[in-house]
A.B. asks: 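Here's a structure for you.
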Amino acid sequence: MLSLHNMFDRNKIKRLVEKMPKGLMSIMTILLITYLSLDDNPFDANDVRLFEGMDKVVHCIMYWFLALILMIDWTKIKNNIMISIVSMWVCVAIAFAFSVLMEYLQDAMGLGRAASWADALANFTGTILGFLSMKFVFNKWFFDTKQG
């Protein structure tokens with residue numbers, strides 16, 4: 001039986017991440033976010049409304065995930081050395097710059113999407129949550145030593 005403990009076993013997740021080619025997770029995440037950001041109605045999402053502002057939660061989750069994946073790939077590129085605070089902030093800046101580009105393209109391409117400061121704020125919040133997740137959870141998951 002599949003349990004949450006087995007599903008989130010850090011050794012299994014670590015092995016899965018280590019087997020992925022360097023940068024592949026970041027590329028896949030960027031492509032998915034690009035599709036979700038630029039398609040006028042990805043997965044018929046405009047038809048689903050759970051609560052007001054739900055799209056802001058989705059923005060936050062997307063960019064939390066992107067920032068986290070960029071940081072995980074960074075550790076792989078650096079041969080699985082614990083990511084430094086400076087490197088984490090670089091990944092956050094890259095993720096947020098990408099989010100600003102997506103907001104700009106939504107407006108500029110005229111595909112039925114519009115740029116929004118509220119979306120950009122949700123994106124920024126997600127990148128900061130990605131930083132906090134890596135600093136306080138995932139860096140310790142992947143590395144048994146304390147961050148210096």
Side-chain angles (χ1 to χ4, degrees), residues 2 4 6-143:
L2 183 64
L4 283 177
N6 289 335
M7 197 165 99
F8 293 110
D9 178 28
R10 78 177 194 176
N11 291 321
K12 287 180 183 178
I13 293 171
K14 186 176 178 180
R15 282 193 302 273
L16 177 67
V17 167
E18 287 172 348
K19 288 180 182 180
M20 297 279 289
K22 294 176 183 178
L24 181 62
M25 292 186 304
S26 293
I27 291 168
M28 290 173 23
T29 303
I30 287 168
L31 290 173
L32 178 62
I33 291 174
T34 300
Y35 168 72
L36 293 173
S37 297
L38 299 180
D39 189 82
D40 63 338
N41 189 11
F43 308 118
D44 295 323
N46 293 340
D47 300 334
V48 178
R49 287 278 185 232
L50 298 178
F51 55 88
E52 187 67 31
M54 181 184 76
D55 65 314
K56 305 309 178 250
V57 173
V58 170
H59 278 260
C60 188
I61 291 169
M62 285 192 316
Y63 286 95
W64 164 78
F65 191 70
L66 177 60
L68 195 59
I69 291 298
L70 288 172
M71 289 182 245
I72 290 170
D73 270 345
W74 188 289
T75 63
K76 290 180 67 172
I77 290 167
K78 296 292 186 178
N79 296 318
N80 292 323
I81 296 172
M82 184 182 284
I83 189 168
S84 70
I85 296 293
V86 172
S87 298
M88 283 192 250
W89 281 117
V90 168
C91 291
V92 165
I94 291 168
F96 183 64
F98 179 73
S99 80
V100 170
L101 174 66
M102 289 297 103
E103 291 299 318
Y104 171 77
L105 289 176
Q106 284 177 353
D107 213 37
M109 294 177 70
L111 298 174
R113 305 288 301 264
S116 161
W117 285 106
D119 288 351
L121 181 60
N123 298 345
F124 179 71
T125 302
T127 62
I128 296 301
L129 290 175
F131 169 83
L132 295 172
S133 297
M134 181 55 96
K135 179 164 177 34
F136 295 111
V137 178
F138 292 103
N139 228 357
K140 292 175 183 171
W141 259 29
F142 289 111
F143 307 100

A.B. asks: Nearest 0.5 angstrom please: I85 CD1 to W89 CH2, how far?
C.D. replies: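 Here the rounded value is 8.5 Å.
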A.B. asks: Using only heavy-atom distances, determine whether the side chains of W64 and S133 contain a donor-acceptor pair under 3.5 Å.
C.D. replies: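 There is such a pair between these side chains.
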A.B. asks: Does a side-chain heavy-atom distance below 4.5 Å link S37 with L105?
C.D. replies: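 Result no, sub-4.5 Å side-chain heavy-atom pair not found.
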A.B. asks: Roughly how far, to the nearest 0.5 Å, is CG of L70 from CG of L66?
C.D. replies: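 If I round to the nearest 0.5 Å, the distance is 4.5 Å.
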A.B. asks: What are the two closest non-hydrogen atoms of T127 and V92, and how far apart are they?
C.D. replies: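 In this case the closest contact between T127 and V92 is O-CG2, 3.6 Å.
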A.B. asks: Parallel under 30°, tilted from 30 to 60°, perpendicular over 60°: which one fits the rings of F124 and F96?
C.D. replies: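 Aromatic pair F124/F96 classed perpendicular.
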A.B. asks: What's the shortest heavy-atom distance between C91 and I83, and which atoms?
C.D. replies: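 Heavy atoms only, the tightest pair is SG-CD1, 4.4 Å.
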A.B. asks: What heavy-atom pair brings I69 and S26 nearest, and what distance separates the two atoms?
C.D. replies: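 Minimum heavy-atom contact is CG2-N, 3.5 Å.
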A.B. asks: Quick one: closest heavy-atom pair of I33 and M62, and the distance?
C.D. replies: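 Heavy-atom minimum between the residues: CD1-O, 3.5 Å.
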A.B. asks: Quick one about S87 and S84 (side-chain donor to acceptor, distance below 3.5 Å, no hydrogens or angles considered), yes or no?
C.D. replies: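 Per modelled atom types, S84 and S87 side chains form a pair under 3.5 Å.
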A.B. asks: Got E103 and V100 here, is their nearest side-chain heavy-atom distance under 4.5 Å?
C.D. replies: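 Side chain of E103 against side chain of V100, heavy atoms only: no contact under 4.5 Å found.
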A.B. asks: Do the side chains of T34 and M102 get nearer than 4.5 Å, heavy atoms only?
C.D. replies: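 Side chain of M102 against side chain of T34, heavy atoms only: contact under 4.5 Å found.
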A.B. asks: Once you round to the nearest 0.5 Å, how far does OH of Y63 lie from OG1 of T29?
C.D. replies: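 So the OH of Y63 and the OG1 of T29 are separated by 11.0 Å.
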A.B. asks: State whether D73 and K22 are salt-bridged, where the test is any N-O pair (Lys NZ or Arg NE/NH1/NH2 against Asp/Glu carboxylate O) under 4.0 Å.
C.D. replies: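 No, D73 and K22 are not salt-bridged.
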A.B. asks: Do L68 and F131 come close enough that some side-chain heavy atom pair is under 4.5 Å?
C.D. replies: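 A side-chain contact is absent here, since even the closest heavy-atom pair is not under 4.5 Å.
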A.B. asks: Measuring only between side-chain heavy atoms, which start at C-beta, is M134 closer than 4.5 Å to I72?
C.D. replies: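 A side-chain contact under 4.5 Å exists here.
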A.B. asks: Using every non-hydrogen atom in the two residues, find where N123 and H59 come nearest and quote the distance to one decimal.
C.D. replies: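 Shortest heavy-atom contact: OD1-ND1, 2.9 Å.
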A.B. asks: Minimum heavy-atom separation for A118 and K56, please, with both atom names.
C.D. replies: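 Scanning both residues, the minimum pair turns out to be CB-CE, 3.5 Å.
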